[in-house]
*Asks:* 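Right, I'll just put the structure down here and ask away after.
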Amino acid sequence: LGDVYKRQVLPKDKKSGTRVRVKAPNLDKFVALLCYSNGQWSVVKDAKVNANGKLVFKTKKAAAYAIVIDTTEEDAE
């Protein structure tokens with residue numbers, strides 16, 4: 001696995017949460033979305049790339065997020 005893109009997300013509604021849509025490079029190689037909270041990274045289980053090529057997930061907290069993509073083929077070259 002290779003590159004990680006970091007982004008800070010602030011939810012609009014802390015009670016019901018906010019659906020977040022993110023456009024980022026190489027989402028066709030998406031592996032996981034990580035959330036940094038309380039001093040540790042965890043996987044965001046409902047994160048997915050939709051038909052429009054955007055990463056979509058829901059959050060209720062302000063946190064740092066990292067998009068993990070697979071660069072295995074690029075690294076082999």
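Along the sequence shown, residues carry numbers from 1.
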*Asks:* Determine whether more than 12 heavy atoms belonging to other residues, nucleotides or ligands lie under 6.0 Å from atom CG of Asp46.
*Replies:*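 Yes, the 6.0 Å shell around CG holds more than 12 heavy atoms from other groups.
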
*Asks:* Return the minimal non-hydrogen interatomic distance between Trp41 and Ala64, and the atom names on each side.
*Replies:*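 So the minimum-distance heavy-atom pair works out to CZ3-O, 4.0 Å.
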
*Asks:* With sequence neighbours left out, what residues match Ser37 under side chain to side chain contact (heavy atoms under 4.5 Å, CB included)?
*Replies:* Cys35, Lys61

*Asks:* Specify the closest pair of heavy atoms between Val31 and Asp70, including all atoms of both residues, with the distance to one decimal.
*Replies:*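 Scanning both residues, the minimum pair turns out to be CG2-N, 3.5 Å.
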
*Asks:* Who pairs with Val43 by side chain to side chain contact (heavy atoms under 4.5 Å, CB included), at least two apart in sequence or on another chain?
*Replies:*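 For Val43 the side chain to side chain contact (heavy atoms under 4.5 Å, CB included) partners, ignoring immediate neighbours, are Leu34.
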
*Asks:* Mind checking side chain to side chain contact (heavy atoms under 4.5 Å, CB included) for Asn50 and listing every partner two or more places apart, or none if nothing turns up?
*Replies:* Asn52, Lys54, Val56

*Asks:* Do Thr59 and Tyr65 pass the side chain to side chain contact (heavy atoms under 4.5 Å, CB included) test, and can you show the C-alpha distance, the side-chain angles, and the key distance before you say yes or no?
*Replies:* CA-CA 11 Å; Thr59 184; Tyr65 291 85; 2.6 Å; yes

*Asks:* Just how far is it from atom CG of Leu27 to atom CD1 of Ile67, taken to the nearest 0.5 Å?
*Replies:*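 Spacing of CG (Leu27) from CD1 (Ile67) equals 5.5 Å.
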
*Asks:* If the condition is side chain to side chain contact (heavy atoms under 4.5 Å, CB included), which residues does Lys48 pass it with, not counting sequence neighbours?
*Replies:*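 Partners of Lys48 by the side chain to side chain contact (heavy atoms under 4.5 Å, CB included) criterion come out as none, since no residue qualifies.
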
